[in-house]
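The block underneath contains the structure these notes are about, expressed in structure tokens.
Numbering starts at 1 and runs along the sequence shown. Counting starts at 1 for both ligands and their atoms, in listed order. Since the model is a prediction, treat every value here as computed from it, not as a measurement.
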Amino acid sequence: MDFALSPRALEFRERLQTFVRDVIEPGTPVYVAQVHDSGNEHFHPPVMEDMKAEAKARGLWNLFLPDEEDGAGLTNLEYAPLCEIMGRNPLTAEATNCAAPDTGNMEVLHLFGTPLQQEQFLRPLLDGTTRSCFAMTEPWVASSDATNISSRIIRDGDHYVVNAHKWWTSGAASARCTFAILMGVSDPDADPHHRHSMILVPLDTPGVSVERSLPVFGRSHGGGHCETLFQDVRVPAEYLLGEEGSGFAIAQARLGPGRIHHCMRAIGMAERALELMCARAQMRVAFGKHLADNAAVQQQIAESRIEIEQARLLTMKASWLMDTVGVKGARFEISAIKVVAARLATTVIDRAIQMYGAAGLSDDWPLADMYAHARTLHFVDGPDEVHLMQIARRELRAYEDFRV
Ligand SMILES: Cc1cc2nc3c(=O)[nH]c(=O)nc-3n(C[C@H](O)[C@H](O)[C@H](O)COP(=O)(O)OP(=O)(O)OC[C@H]3O[C@@H](n4cnc5c(N)ncnc54)[C@H](O)[C@@H]3O)c2cc1C
């Protein structure tokens with residue numbers, strides 16, 4: 001394994017760091033004020049468009065896409081350190097057009113889209129003029145098992161008719177979100193892995209409604225996480241992605257790189273929490289000594305550093321495997337890092353919150369927000385237990401003969 005950063009990755013890292021320092025950091029309070037003044041938590045503030053224009057001008061655009069023409073042509077291993085930088089401030093991913101769920105949707109359209117789908121849906125996303133959402137999870141079935149998804153996509157002449165009740169459809173509350181990639185059953189009689197299809201649904205189609213946005217620990221940002229209804233929605237047949245019955249396979253392909261991106265950003269969040277923790281430990285004095293001079297505090301700092309290094313190495317390994325043997329060959333490492341990165345982020349951020357005293361729970365520091373986001377990582381792209389199940393199954397397979 002060779003995790004050394006290429007000269008190209010080093011150069012991108014340098015440029016992205018400068019962009020964060022010069023554009024994102026000064027733009028963040030402006031962003032917060034513009035959203036606040038609009039009175040709408042899902043408002044898209046003009047400063048984001050300024051930041052995007054600047055990112056484009058600096059060649060920091062679509063960095064996630066390995067394609068040379070539409071993206072930066074970086075490998076997963078090269079992209080990893082950039083994602084880590086993005087994890088430190090959540091606005092960076094959107095400003096560089098590297099934010100979920102668009103990245104996963106762009107990858108799907110890039111891999112499986114027809115020329116018409118790419119022109120109509122992918123191109124505006126690549127240009128950053130629209131946003132999109134991914135509608136898979138449903139309130140009435142355990143959606144961590146994708147074979148349970150029960151929405152219907154039924155062929156009717158040259159259209160499909162979609163009936164679906166979805167929730168946690170991230171991004172759908174944004175006025176800029178124009179379409180969903182939706183998963184539903186197209187053939188209930190097929191085997192469980194070939195029952196589903198994915199289809200592109202423009203959100204202005206009659207029958208589509210965004211019912212509400214679900215807050216996370218009372219917090220609601222950006223495009224929200226929405227409960228969405230699709231009632232007798234008629235969509236042209238050419239909006240079906242891939243073949244009928246390929247929904248499960250597309251879901252698998254979509255989640256590989258996306259999971260890794262979340263993990264890399266989680267490591268960036270943990271790094272930032274550790275920095276805040278160390279600064280606090282040096283500044284705050286209790287019982288006649290600096291917090292940093294307590295063995296218990298030193299231990300928390302050291303444990304955090306060790307855990308971050310471990311998680312980073314595992315992420316690099318998973319990225320390197322994706323680059324060398326593909327998503328399928330890296331699936332156990334992807335599952336492992338998905339669990340490890342979520343745990344890392346919640347643990348390190350929680351320690352930092354504790355070190356800030358009650359202030360850590362307030363919005364005077366970014367820690368409460370970071371914790372709320374890190375906690376969601378134990379669910380998004382599959383709950384921890386499902387990944388643990390997959391890893392355990394592989395381990396146990398070699399011992400099947402022992403079963404009595
Ligand atoms: C902030 C956020 C954003 C999201 N964005 C999107 C989005 O954009 N689009 C979308 O479609 N979905 C999205 N989701 C939904 C997410 O993907 C699902 O919540 C996740 O897949 C789990 O499905 P579920 O909530 O139905 O949980 P369930 O499937 O009901 O599972 C509940 C719990 O059961 C346990 N469990 C499940 N399987 C096992 C097992 N094999 N062994 C032991 N325990 C098990 C786990 O603890 C699990 O958390 C988002 C979720 C969050 C929190």
Side-chain angles (χ1 to χ4, degrees), residues 41-42 90 93-94 99-108 125 131-151 153 162 164-174 177 179-185 196-201 203 210-230 241 247-248 250-252 254-256 258-259 261-263 265-266 269 334-335 338-339 341-343 345-346 369-396:
E41 59 199 5
H42 304 304
E94 185 178 351
D102 295 322
T103 45
N105 290 348
M106 285 189 263
E107 276 158 358
V108 163
L125 277 187
R131 300 227 40 198
S132 63
C133 57
F134 183 67
M136 180 167 141
T137 304
E138 299 173 2
W140 308 116
V141 296
S143 304
S144 51
D145 176 355
T147 63
N148 282 337
I149 298 303
S150 66
S151 299
I153 302 175
V162 178
H165 182 181
K166 300 287 184 180
W167 73 346
W168 295 101
T169 313
S170 298
S174 166
C177 184
F179 73 93
I181 293 183
L182 181 142
M183 181 163 169
V185 176
H196 297 87
S197 298
M198 285 207 192
I199 194 158
L200 294 152
V201 184
L203 294 189
V210 176
E211 296 294 303
R212 60 174 176 144
S213 176
L214 297 145
V216 173
F217 291 145
R219 288 160 187 274
S220 227
H221 294 304
H225 307 289
C226 302
E227 184 166 353
T228 42
L229 282 179
F230 300 78
L241 276 164
F248 193 85
I250 296 176
Q252 295 295 308
R254 183 186 185 280
L255 290 177
R259 280 177 177 147
H261 302 166
H262 274 311
C263 297
R265 285 193 294 262
M269 267 200 300
I334 294 172
S335 279
K338 169 77 180 49
V339 174
R343 276 185 194 159
T346 41
D369 220 22
M370 285 163 70
Y371 184 83
H373 177 61
R375 190 63 186 79
T376 70
L377 299 179
H378 292 268
F379 299 105
V380 295
D381 298 347
D384 294 353
E385 291 81 1
V386 173
H387 294 286
L388 293 170
M389 173 183 76
Q390 279 157 358
I391 295 167
R393 277 184 182 163
R394 181 183 70 161
E395 293 298 316
L396 287 167

key: CA sep, side-chain torsions, deciding dist, call: His261, Thr103, side chain to side chain donor-acceptor pair (under 3.5 Å)   = CA-CA 9 Å; His261 302 166; Thr103 45; 4.5 Å; no

Backbone or side-chain N or O of [X] under 3.5 Å from ligand 1 N or O:
| X | result |
| --- | --- |
| Ser144 | yes |
| Glu138 | no |
| Trp167 | no |

Starting from [atom], find the nearest protein heavy-atom neighbour and note its residue, name and distance.
| atom | value |
| --- | --- |
| atom 5 (N) of ligand 1 | Ser170 OG, 2.8 Å |
| atom 43 (C) of ligand 1 | Glu385 CB, 3.4 Å |
| atom 7 (C) of ligand 1 | Trp168 O, 2.8 Å |

Closest heavy-atom contact between [X] and [Y]?
| X | Y | result |
| --- | --- | --- |
| Ala372 | Val216 | O-CG1, 3.8 Å |
| Ser170 | Cys133 | O-CB, 3.2 Å |
| His378 | Ala342 | NE2-O, 3.3 Å |
| Asp384 | Val339 | O-CG2, 3.9 Å |
| Met183 | Ser151 | O-CB, 4.0 Å |
| Ala164 | Leu182 | CB-CD1, 3.9 Å |

Identify, by atom number and element, the atoms of ligand 1 in contact range of [X], meaning under 4.0 Å from any of its heavy atoms.
| X | value |
| --- | --- |
| Met389 | 41 (N) |
| Val386 | 38 (N) |
| Thr376 | 1 (C) |
| Val380 | 2 (C), 3 (C), 4 (C), 50 (C), 51 (C), 52 (C) |
| Phe134 | 7 (C), 8 (O), 9 (N), 10 (C), 11 (O) |

Tell me which part of [X] gets within contact of ligand 1: side chain, backbone, both or neither, using heavy atoms under 4.0 Å.
| X | value |
| --- | --- |
| Pro101 | neither |
| Thr137 | both |
| Val141 | backbone |

query = Is the backbone of Cys226 close enough, under 3.5 Å, to the side chain of Lys166 for a donor and an acceptor to pair up by distance?
reply = no

query = Relative to the ring of His225, is the ring of Trp168 parallel (under 30°), tilted (30 to 60°) or perpendicular (over 60°)?
reply = tilted

Can you confirm whether some protein heavy atom lies under 4.0 Å from [atom], or whether none does?
| atom | result |
| --- | --- |
| atom 34 (O) of ligand 1 | no |
| atom 25 (O) of ligand 1 | no |
| atom 20 (C) of ligand 1 | yes |

key: Glu211 CD to His165 NE2 distance, which is reported to the nearest 0.5 Å   = 7.0 Å

inquiry  = Distance check, rounded to the nearest 0.5 Å: Ser174 atom OG versus His42 atom NE2?
reply    = 9.0 Å

